[in-house]
Amino acid sequence: MGRATALERIARGDRVIVIGSDPAKAVDGARFLRADLSSVAEVVRVAGEITEPVDALALFANRPQTRRVVTPEGLEYTFALYYLSRYLLGELLLPQLEASTRAVVVNVAGVGTKVGRIHWDDMQLARRYSVLRSQLQAGRANDLLGVSFAAQGRRARYVLYHPGFTRSGPRNLPIRLLAKAFAKPVAASVAPIVDWISAPPDEPLTASDRGKAVPLSLPTLSPGDAARLDASTKALPAVAALRRA
Ligand SMILES: NC(=O)c1ccc[n+]([C@@H]2O[C@H](COP(=O)([O-])OP(=O)(O)OC[C@H]3O[C@@H](n4cnc5c(N)ncnc54)[C@H](OP(=O)(O)O)[C@@H]3O)[C@@H](O)[C@H]2O)c1
């Protein structure tokens, strides 16, 4: 979906920067920055390479892990990649976003999903891990990230977007067959993202689940939980070290 969004925006004349871990997947017409976004140090490095004003930050990176993986910085991989890299890119690129008069952040995850939660006493899932538990926790963390970003009165608009089952992503054979039968084409899933970049919403926070507005009163978008996650994120040693630097 990231690739398709990049190509659509290039076709509209935008200057596009793509961040990914695999240079073989660089997108023609875009500047490619290689980075492993599961690493805090790498996110900081790559954000430092983007100095121009940024009109749109679109967040797609995710790579489900069947077994618990711990990054060299001591973080559970899915938490680090699917949630923390998105938090850090939003914070580190804030000056570049604020330099644009019409900036928007689009966080592509699973807003509207009510299952899954933040495991406050075991956010790194050391005691109990499963691929589903890690994906759902990071998904709910992204929901709360949108709430706390928007609560801070920033000029950039924030959009939480659940694209629904889409014919994208690495998949095993049964999922590929299911996707062929039931999933949406990538172009249909990215169309709203392309539009939000052209015309950011007026509201500080928009949440869309497969084209339907998600009420911001949903428990998964609780401002109290968002503030708690924001504080817990800032207290992570790898993040606290950045704030001291
Ligand atoms: N597909 C669906 O049915 C569906 C449904 C609901 C929600 N979503 C969510 O939508 C988002 C996009 O999904 P998608 O289907 O487009 O996924 P995808 O095709 O698997 O793309 C994920 C992207 O993340 C990048 N990535 C993975 N690990 C990385 C790392 N360590 N560092 C840097 N980049 C990394 C990959 O690029 P490189 O290979 O270059 O690293 C890849 O381009 C995800 O957050 C997903 O959870 C998807």
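Numbering of ligands and ligand atoms starts at 1, following listing order. Side-chain atoms are counted along with the backbone in the values below, which use heavy atoms only and exclude waters and symmetry mates.
Counting heavy atoms closer than 4.0 Å to ligand 1, residue K25 contributes side-chain atoms (C-beta onward) but none from N, CA, C or O. The residue V186 has no part lying near ligand 1, judged by heavy-atom distances below 4.0 Å. When heavy-atom distances to ligand 1 are checked against a 4.0 Å cut-off, A35 comes that close only through its backbone atoms N, CA, C and O. Only backbone heavy atoms of A109 (N, CA, C or O) come within less than 4.0 Å of ligand 1; its side chain stays farther off. By the criterion of a heavy-atom distance under 4.0 Å, the side chain of H162, and not its backbone, is placed next to ligand 1. Neither the backbone nor the side chain of F32 comes within contact range of ligand 1; no heavy atom lies under 4.0 Å.
Any N or O atom pair closer than 3.5 Å counts here, and L37 shares at least one such pair with ligand 1. Checking only distances, T166 does come within under 3.5 Å of ligand 1, N or O to N or O. Note: no N/O pair closer than 3.5 Å links G2 and ligand 1 by distance alone. Polar contact with ligand 1: absent for Q135 (N/O pair, distance under 3.5 Å). Of the polar atoms of V108, at least one N or O is found under 3.5 Å from an N or O of ligand 1, judged by distance alone. For the pair I19 and ligand 1, the shortest N or O to N or O distance does not fall below 3.5 Å.
Ligand 1 is approached by G164 to a heavy-atom distance shorter than 4.0 Å. Residue contact annotation: R86 has a non-hydrogen atom under 4.0 Å from ligand 1. In this structure, G110 falls outside the shell of residues with a heavy atom less than 4.0 angstrom from ligand 1.
Screening residues 215-245 for ring-ring contact (aromatic ring centres under 6.0 Å, His included) gives no qualifying pairs among residues at least two apart or on separate chains.
Taking the six-membered ring where the residue is Trp, W196 and Y161 present perpendicular rings, their angle passing 60° and hence far from 30°.
The residues D143 and R140 are annotated as salt-bridged, a charged nitrogen and a carboxylate oxygen being separated by less than 4.0 angstrom. With respect to the salt-bridge test (charged N to carboxylate O, under 4.0 angstrom), the residues E42 and R34 qualify. One finds no salt bridge joining R128 and D122 here, because no Lys/Arg side-chain nitrogen approaches an Asp/Glu carboxylate oxygen to under 4.0 Å. Between R154 and E91, at least one side-chain nitrogen of the basic residue sits less than 4.0 Å from a carboxylate oxygen of the acidic one, meeting the salt-bridge criterion.
Figure legend: R63 and Y77 shown without cation-pi pairing, the cationic atom not lying both under 6.0 angstrom from the six-membered ring centre and within 45 degrees of its axis.
Contact annotation: the side chain of V159 never approaches that of N107 to less than 4.5 Å [non-hydrogen atoms, C-beta and beyond].
Looking only at atom types and distance, the side chain of S134 has a donor-acceptor partner in the side chain of Y129 under 3.5 Å away.
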